[in-house]
Each structure stands twice: as structure tokens, then as C-alpha cells.
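This report refers to the structure that appears directly beneath it.
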Amino acid sequence: MTVLDKPIRPGAPAGPASPPPRGRRTAAWLLTAALVAGLLLLVPVAAGTGAYPIPVGDVLGSLLNRSGLGGTELDRVAESVLWNVRFPRIVLALLVGASLGCAGALMQGVFGNPLAEPGVIGVSSGAAVGAVAAIAFGLNFLGTWTVSVFAFVSGLVTVLVVYAMSRSGGRTEVVTLILTGIAVNAFAGALIGLFLFFADTAAVNQITFWQLGSLAQATWPKVLAVLPCAALGLGLAPLYARRLDLLALGERPARHLGVDVERLRVVLVLVIALLTAAAVSVAGVIGFVGLVVPHLLRMVAGPGHRFLIPGSALLGALVLLAADLAARTVAEPAELPLGVLTALLGSPFFFWLLRRTRRRQGGWA
Amino acid sequence: MRGTSTRTVNARGLLRLVPSRPVPPPPAAPGDVLAEAEGLRVHLGGRPVLDGVSVTVRAGELLALVGPNGAGKSTLLGALSADVPADEGVVRVHGRPVTEWSAPELALRRAVLPQSASLSFPFPVEEVVRMGRAPWAGSDLADEDDAAVAEAMARTEVTGFAGRPYSALSGGERARVALARVLAQRAPLLLLDEPTAALDLRHQELVLRLCRERARAGDAVAVVLHDLSLAAAYADRVAILRAGRVAAGGPPAEALSEGLLSEVYDQPVEVLPHPRTRAPLVVPRREP
């Protein structure tokens, strides 16, 4: 249709002579392999570590036994510790970590802003409001899903509010986004305080502990409670990777390239709310995973979302599993709240990010 | 249970809304009208920006849109590219009102170069250019991807920094990368908003030569330009906009008259024939 018949100028090299993108593609594959290997290594180690140590060999044996591939059954206590305490907790850590990492990557893509993160811009607290309301008023008309559904609805409302308030003319300014986050966090904090005021003592204790962010109460029913949200969100997210790449050009150019930007936004906001709700409803507010994880991956493998989205889910799962392992072993027999630990490690990264950006481009203002 | 089931229905509903694969346009014959505005009126912020504009962009032709700041050039281009909705009148692309095309269908028919090209994440140059191939993903023409990207980068002379992140480029380099992305799209209608604004002398010429080649190859090209001599040298037709209306239109030699330009720009100008090519040269009247 548009064959240009003028010969290509001899000085200009022809062909896609671009080693860096190729190198990045290789880096993406290597990273994926490394992340999967890391998970395969860490899961049995985490399952064996704790107040009741179980050798890794026995963990694998029990796993094989349960899946009907030989192996050996352990004694009653070890089996119970492994299958009623450790594995639900590990699965929950993986689900929550994957959801947070993936939600962070999606949110940064939708806002076109590397600082967007469910915790920073207040979506986690928004989801927490719904969850706290459900716990405080003892609501259970949707069974084990009640807290998740409440977290999803209030999280969704929060994403929409933040999105509407921080965008103008198709762009999100960083300062507006962060300030919106501050306002949303303050409002959500006030609502949570209000619910605490009306809750009875048992509910207050439950909420306080939950708010710090913890996986200590993990059970299989809890895993089932978040599984639909997390699985649906994690399954849908990679389908939009290409379109998120195009969205980096801006809304109009993305539309010129055939992206239905409005629909993309609606779907992704729903997915973000699903993932955040999945994480928050069982584990409270666990900050910075969604910020740090996609940033690290972008530095190594570039900003392409086709790797970034699944990669962030994998690395998020790995990071949260490691963090949870640390939280329950560092101060044995006591347990550190997981949210406190991730914030302790994540905040310095945030500082470093701010400083680096100031150095490079004179800040975000 | 209730919660999950509604969520699944939601997701399925949204998935179903994804449209089926759009059909690429048939090749256009020279002279076919690929984009036109008819009696177009657009109000922005309560002010009429376009006030009854009619223009046509034909296959095989390079149309330059010129005029003073605020005359409505970019708004007209925005309306032709379906960014700006018409308040009155109609905008057609490939013979059909723009509002009746879906975004993926339009993406196979027209490529748009915006005035400023920003990027939220530091994608490398080659990946930015490759984004221009997105409309063809999954179609038979996706096989052309590598060739189209390589050719577009070579044509705009950005191959040398194909691997560098877009954010590390200068303004002029970014402008050329953005143009390469638009060229790689290989759409039969090109709408370019000030493609030469950030470019040096050599690259201004390069870009307009490219535009003319695309027009000679059968595409329709509309370009917003500020440099009237550049427009005169390369365009087949010029449309001069003034305060939301077309003040004059036609071949450069006819449309670019001293009297009209002096009046439209509120600045006395001289129009001289180039000593060798006879193309009109437009220069402001300067006292020694």
C-alpha cells in the first residue's frame, strides 16, 4: 500500500539493529525462570520452617503422598502442622503477594504514573473500610465471602474516586495523585476509627490485629474466600498487557492505535479493585509490595507490560512469602505483623526512588 | 456465593464486548476522498474554534493546513482524527462518519501524529516504533511488522539509537521517533500536527520529503505547518485557516497571495518566486 521506492540512504543502517530490546527479552525469560525456581525452592523451605521444624525432604514426601505420587505420610502432628497451618498460610501469602504485585503494575500502567500503588494512593485503605465495616458489625450474610465482597465494593469506589479526582486532560499529575491519596487515606482512617468506636471489644481486637497486616489467621476457608477475586484478577490482567503498553503513549495516541481507552480503563479499574480486595480482605493493609516489585522488574527487564504483569505477580508472591517467613521466624516465638515488616523495608525504597528522580529530572513537581 | 457469581458475569460481559477483528480498508485510487469535513463547527470552552469549515483530504495528495496561532488548525486535525467531536456538520473518514467507526477500524485507516509526544515509561525507541504496528496484530499483515518498523526507523533516521530509552532522547529525536511510529502504522491516511516543530533544517526537509513520498505512493496526507515556504515547496494544496474558517484553499501558488497572507497574519509579508524552482517563498516584510 505504501511501498516507498526510494533506496534507503547508505549511511543509515537498515534492519532492526537493536540489541537492547532483544537483550531485554532474554532477560525477561531468564527472570521468569529464576522467579519460578525461587518459588519452587522457597515454598518447601517455608513449609518446613517454624516453631515445629519439619525437614524439607519430609515436606516434599508429604506433598507427593497427598498428590498420590508415592512419598511417605508423616506422623499425625507433622501432617496437621503442615496441612492445616503452614500450607494454607503459604498459599495465602502467594495469592496476596501475587495480587498486590499485579495490582501495583496495573495501577501504574493505568495512571501512566510509576508512583501509583494501592497503598500509596489510598485504595488499600478504601478496601479496608469495607472489610472493617463487615467485621465491626458482624455481617456475614454472604458467608465467608462477606469481608471480600465488602472490601471489593469499597475498594472499587475508592479507585473510581481517586481516578476521577486526580486526572485532568487525560493525564495524572504526580502531586495531585499523591495529595488525593493523602486525602483518601485520611478519610478512610476516619471511617475505620468510627467503625472501631461502634464495634465491641472482640471485634476491635480482631480489627486492630488485622489492620497491621498479617497472615497468622490463615485457614483453608480463608484461602477459598480470596481465591475467586485473586484468580479472576490475575487471569484477566495479562490480557490487557499490550493495550497498557500503548496507553503509555497517552490516551489519544492509544486510541489512534485502536485501543478503546474508556473500556480498557473500566475493566482495569475493576481488576485492580478485585486484586486489592483479595489482598486486603484477608491480610489487612500490606503496603509497598505493589510499588517496589514492578519498579525492580522494570529496571531489569524494561517497562513492557507483557512481562511486567505476570512478572510482578510472581515476584510479589515470592517477596510476600519471604516476608511472611521472616515475620514469623525473626522474633520467635513472637510474630511480627507482616504489614509492619513490608513497610519497614518498602519505605526506604520509596525514599530512594524520590531521591533518584529528583537527581535525574529535578523532581516531580 | 452471590458475590462471586455477579463478578464472573461482569467479567464475561466485558470480555464479550471486545469487538471482532476489524477488516482493513481496500486500496484507495488516486483522488479518492479519504477524509473530509463538511460545515464543521466545534466549540471548546464556550468559544467557537471551528466555524463552518469544509476541507477534503484526497489520496495521492499532500494537504498543508496553515494559519496563525489559534486559527483552529490543530482542532481541525483533531476533528479529522476523531479526537474532537463535531458540534455541527460532519467529519467522514473513508466515506463514513467518524463516529460510526470503532477505534480498531479507524486505526487501520488513519495514523495521527500528536503535537507533543510524551511517554509514561522509558520504553526503548524500537519498541515505541513497534507500537505503531499494534492495529495489525493478529492480521495477515502482521508479517510486515519487522519490515515496517525497520523501514520507518531508517526513513526517519532513528535506527542509530533504536535501543536507547525514549526518555533519554532530545526533543527533535523524540519527534522523529513519534513520526516513525506513525509511519510504521502504514495507514492510508496520515494526519500530522506540526511534525517539524522541534526539528532542525535538515530534518524538516526530510520529514516533508517523506510526507510527499507517501502522497506519491497513493496515501492521503494532511499536515499542520507553520513554515509557509515549507508548505509551498511540498504541499499539493494549502488550506489557510483564519479564526475557525477556511480563508483560502488551493495549490500553493494560487492560495498563498501577498494580500491575503498579510491580512490573515496581521503582518505584512512578501511572496517571491524561488529563483530556480519558482515555488513561492513567503517572507515577512522587514525594513532594512
Side-chain angles (χ1 to χ4, degrees), chain A residues 1-6 8-9 11-24 108-109 111-114 142-143 145-146 148-149 152 171 228-229 232 235-236 239 242-243 245-250 252-253 255-261 263 266-267 270-271 274 298 302-304 361, chain B residues 1-4 7-8 10-11 14-15 17-19 22 27 81-83 102-108 110-112 114 117-128 131-132 134-135 137 146 149-151 153-155 157 159-160 162-164 181 183 185-186 188 210 213-214 217-219:
Chain A
M1 165 176 39
T2 53
V3 183
L4 304 178
D5 47 12
K6 190 181 145 210
I8 290 168
R9 174 185 301 277
S18 52
R22 288 285 142 75
R24 276 181 166 174
Q108 289 159 21
F111 281 91
N113 189 315
L142 297 172
W145 278 285
T146 315
S148 308
V149 170
F152 171 68
R171 294 207 66 75
C229 269
L232 188 61
L236 283 176
L239 302 179
R242 260 176 173 281
R243 275 167 269 184
D245 282 353
L246 300 180
L247 201 58
L249 293 167
R252 280 185 174 180
R255 199 173 297 127
H256 297 154
L257 290 169
V259 179
D260 189 333
V261 176
R263 183 183 304 142
V266 170
V267 174
L270 278 172
V271 171
L274 272 177
R298 236 182 250 120
Q361 41 179 274
Chain B
M1 267 331 272
R2 223 189 304 165
T4 14
R7 246 168 274 150
T8 335
N10 254 348
L14 289 161
L15 282 180
L17 287 174
V18 175
S81 48
D83 287 337
S102 71
E105 284 172 327
L106 272 180
L108 299 180
R110 60 100 178 85
V112 185
S118 63
L119 195 65
S120 316
F121 298 104
F123 281 94
V125 165
E126 196 205 334
E127 282 180 34
V128 175
M131 287 179 187
D146 286 333
V149 169
E151 187 195 291
M153 291 203 302
R155 284 308 173 98
E157 301 185 353
T159 315
R164 271 169 55 194
R181 170 176 72 73
L183 293 178
Q185 198 174 335
R186 292 196 172 171
L210 273 173
E213 280 170 22
R214 288 286 297 249
D219 293 339

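Excluded from the calculations below are hydrogen atoms, water molecules and symmetry mates; all remaining heavy atoms, backbone and side chain alike, are included. Sequence lines set the chain letters: A, B, ... in the order given, protein chains first and strands last, and positions in each chain run from 1.
Listed by chain and number, the residues in a side chain to side chain donor-acceptor pair (under 3.5 Å) with A:Arg255 are A:Glu262 (sequence neighbours excluded).
B:Ala82 does not touch chain A: none of its heavy atoms, backbone or side chain, sits under 4.5 Å away. B:Pro114 touches chain A through its side chain: at least one heavy atom from C-beta onward sits under 4.5 Å away, while N, CA, C and O do not. Contact annotation for B:Val128: only side-chain heavy atoms (C-beta onward) come within less than 4.5 Å of a heavy atom of chain A. Only the backbone of A:Val259 has a heavy atom closer than 4.5 Å to any heavy atom of chain B.
The CG atom of A:Asn113 lies 7.0 Å from the CZ atom of B:Phe121; values are rounded to the nearest 0.5 Å. From A:Leu257, atom CG reaches atom CG of B:Leu108 across 10.5 Å, with rounding to the nearest 0.5 Å.
Contact annotation: the side chain of B:Arg181 approaches that of A:Pro253 to within less than 4.5 Å [non-hydrogen atoms, C-beta and beyond]. By the 4.5 Å heavy-atom criterion applied to side chains, A:Asp245 and B:Glu127 are not counted as neighbours.
Closest heavy-atom contact between B:Ala107 and A:Gly258: CB-N, 3.4 Å. When all heavy atoms of B:Phe123 and A:Ala248 are compared, the closest pair comes out as CE1-CB, 3.7 Å. Closest non-hydrogen pair, B:Gln185 versus A:His256, comes out as NE2-O, 3.5 Å.
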